[in-house]
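We use all heavy atoms of the structure for the numbers below, so side chains are in, but hydrogens, waters and symmetry mates are not.
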Amino acid sequence: MDTIREKLACIVPKYSVVPLIFSVSFNMLVYVGSRLVAGDWRHYNIEGPLDRMVPLWPPSVVIYLGCYLFWIANYILIARQGKREVCQFFSADFISRVVCLAFYLIFPTTNVRPVVEPAGFWNQALLFLYAVDAPDNLFPSIHCLVSWFCYIGLRKRNEVCVWYRAFSYVMAILVCVSTLLTKQHVVIDVCGGILLAEICFWLGKKQAVWQCYEHALDWVNQKIFTQ
């Protein structure tokens, strides 16, 4: 942990190290933990007529998997902002995962994946994705949620180049589309992820919310960095 903390401190301000580590850790806890708890529970298929009109396009798996690099880059950029902005963003990020956890436990969802022939590189890549990622924890889509956070976290940051903010918007849209073209999610999952990101981002800007996060962050940093 100390090594990770030291390396991150060279990239982002000291006050952003804990939020970054906690964000990744809590995200994994929500995704994996909810699956361990609710894996055998009844899951609901909320696929609609519109979803059946969306074609399967295996090459879109490259966006679905490649977006992790996009997430890393943008979360680091967001973490390089001022302390207030960092607390606003990561408090929103935390709230969103709590909401996701509630949905994954209270209303577990699933979908029916198409039969994919094993012939061809892209089909093999898609089958790999299906093998490592079970069809659960679908609503709201964390893929869409995080990608949209990557965009709105920089949306009004004038110190970030206009072209990169535009790229982040396009990339977020492409990730959302890829979740449908890979048949990993359905339309309502995508809408839920985007809407949740916007609502939580709005909540994170509330003074009572981000200051509560800041107080907790100061306490943790004091315990860690004064030792």
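Met171 has its side chain out of reach of Trp71: every pair of non-hydrogen atoms, C-beta onward, lies at least 4.5 Å apart. Looking only at side-chain heavy atoms (C-beta outward), Tyr104 and Pro140 come within less than 4.5 Å of each other. Side-chain contact between Arg97 and Val146: present, with at least one pair of heavy atoms (C-beta onward) separated by less than 4.5 Å. Looking at Lys183 and Val54, their side chains come closer than 4.5 Å, going by heavy atoms from C-beta outward. With a 4.5 Å cut-off on side-chain heavy atoms, Lys223 and Val18 do not count as touching. Within the 4.5 Å cutoff, the side chain of Val175 has no heavy atoms near those of the Cys144 side chain. With contacts defined as side-chain heavy-atom distances shorter than 4.5 Å, the pair Ile188/Thr109 does not qualify.
Every residue two or more places apart in sequence or in another chain that forms a side-chain hydrogen bond (donor to acceptor under 3.5 Å, both in side chains) with Arg157 is listed here: Gln81, Glu159. Under the rule for a side-chain hydrogen bond (donor to acceptor under 3.5 Å, both in side chains), the partners of Ser23 that lie at least two apart in sequence or sit in another chain are Asp93. Residues passing the side chain to side chain contact (heavy atoms under 4.5 Å, CB included) test with Val32 are Met28, Leu36, sequence neighbours excluded. Remark: Trp210 pairs with no residue by the side-chain hydrogen bond (donor to acceptor under 3.5 Å, both in side chains) rule, at least two apart or across chains. Applying the ring pair (Phe, Tyr, Trp, His ring centres under 6.0 Å) criterion to His185, with sequence neighbours excluded, gives no partner residue. Legend: residues meeting side chain to side chain contact (heavy atoms under 4.5 Å, CB included) with Phe22, ordered by chain and number and at least two apart, are Phe26, Phe94. Scored by the side chain to side chain contact (heavy atoms under 4.5 Å, CB included) test, Leu65 finds Val61, Leu129 as partners (sequence neighbours excluded).
Rounding to the nearest 0.5 Å places CG of Leu145 at 10.5 Å from CG of Leu195. Separation of atoms CG (Leu180) and CG (Leu56) is listed at 11.5 Å; rounding is to 0.5 Å. Note that CZ of Phe149 is 14.5 Å distant from OG of Ser168, once rounded to the nearest 0.5 Å. Interatomic distance, CG of Leu127 versus CH2 of Trp122, reported as 13.5 Å (0.5 Å rounding). Leu154 CG to Phe89 CZ: the interatomic distance, rounded to the nearest 0.5 Å, is 8.0 Å. Residue Cys212 holds its SG atom at 12.0 Å from CD of Gln207, rounded to the nearest 0.5 Å.
Considering all non-hydrogen atoms of both residues, Pro114 and Tyr130 come closest at CD-OH, 3.8 Å. Across every non-hydrogen atom of Val86 and Ser16, the tightest pair is CG2-OG, 3.5 Å. Minimum interatomic distance between Asn74 and Cys150 (heavy atoms only, all atoms of both residues): ND2-O, 2.9 Å. Heavy atoms only, all atoms of each residue included: Ser147 and Phe70 are closest at O-CE2, 4.0 Å. Residues Ala197 and Ile152 approach most closely at O-CD1, 3.7 Å, considering heavy atoms. The minimum heavy-atom distance linking Leu217 with Cys87 is given by the pair CD2-SG, 4.0 Å.
Under the 4.5 Å side-chain heavy-atom criterion for grouping Ile, Leu, Val, Met, Phe, Trp and Tyr, Leu181 is connected to Met53 within one hydrophobic cluster. Ile106 and Leu196 fall into different hydrophobic clusters, where Ile, Leu, Val, Met, Phe, Trp and Tyr side chains are chained together by heavy-atom contacts under 4.5 Å. No chain of hydrophobic side-chain contacts below 4.5 Å, direct or via other Ile, Leu, Val, Met, Phe, Trp or Tyr residues, connects Val24 to Leu20. A single hydrophobic cluster is seen to contain both Trp163 and Tyr169, as judged by linkage of ILVMFWY side chains at heavy-atom distances under 4.5 Å, directly or through other members. Put simply, Val132 and Tyr64 are part of two different groups of oily side chains (I, L, V, M, F, W, Y) that touch within less than 4.5 Å, one to the next.
Within 6.0 Å of the CZ atom in Arg165, the count of heavy atoms belonging to other residues, nucleotides or ligands exceeds 12. At most 12 heavy atoms of other shown residues, nucleotides or ligands fall within 6.0 angstrom of atom CZ in Phe103. Within a 6.0 Å sphere centred on CZ of Phe128, heavy atoms belonging to other residues, nucleotides or ligands number 12 at most.
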Worked verdict on Lys83 versus Asp218 for side chain to side chain contact (heavy atoms under 4.5 Å, CB included): CA-CA 11 Å; Lys83 186 179 180 182; Asp218 288 342; 2.5 Å; yes
Trace of the side chain to side chain contact (heavy atoms under 4.5 Å, CB included) decision for Trp148 with Ile173: CA-CA 8 Å; Trp148 204 251; Ile173 294 294; 3.7 Å; yes
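Residue pairs meeting the side chain to side chain donor-acceptor pair (under 3.5 Å) criterion with at least one member in residues 35-48, sequence neighbours excluded: Tyr31-Arg35, Arg35-Asp133, Arg35-Asp136. Evaluation of the salt bridge (charged side-chain N to carboxylate O under 4.0 Å, His left out) test over residues 104-126, restricted to residues two or more places apart or in two chains, returns none. Screening residues 193-206 for salt bridge (charged side-chain N to carboxylate O under 4.0 Å, His left out) gives Arg155-Glu198 as the qualifying pairs, with residues at least two apart or on separate chains. Under the side chain to side chain donor-acceptor pair (under 3.5 Å) criterion, no residue pair touches residues 49-60, with sequence neighbours excluded.
Within the 3.5 Å criterion, the main-chain N or O of Pro118 finds a donor-acceptor partner in the side chain of Gln124. Without hydrogens or angle criteria, Ser141 side chain to Leu138 main chain gives no donor-acceptor distance under 3.5 Å.
Tyr213 and Phe90 have their aromatic ring centers separated by at least 6.0 angstrom.
At a cut-off of 3.5 Å, with distance as the only test, no side-chain donor of Thr179 or Asp189 sits close to an acceptor on the other residue.
Through side-chain heavy atoms spaced under 4.5 Å, either directly or across other Ile, Leu, Val, Met, Phe, Trp or Tyr residues, Val112 is tied to no other residue.
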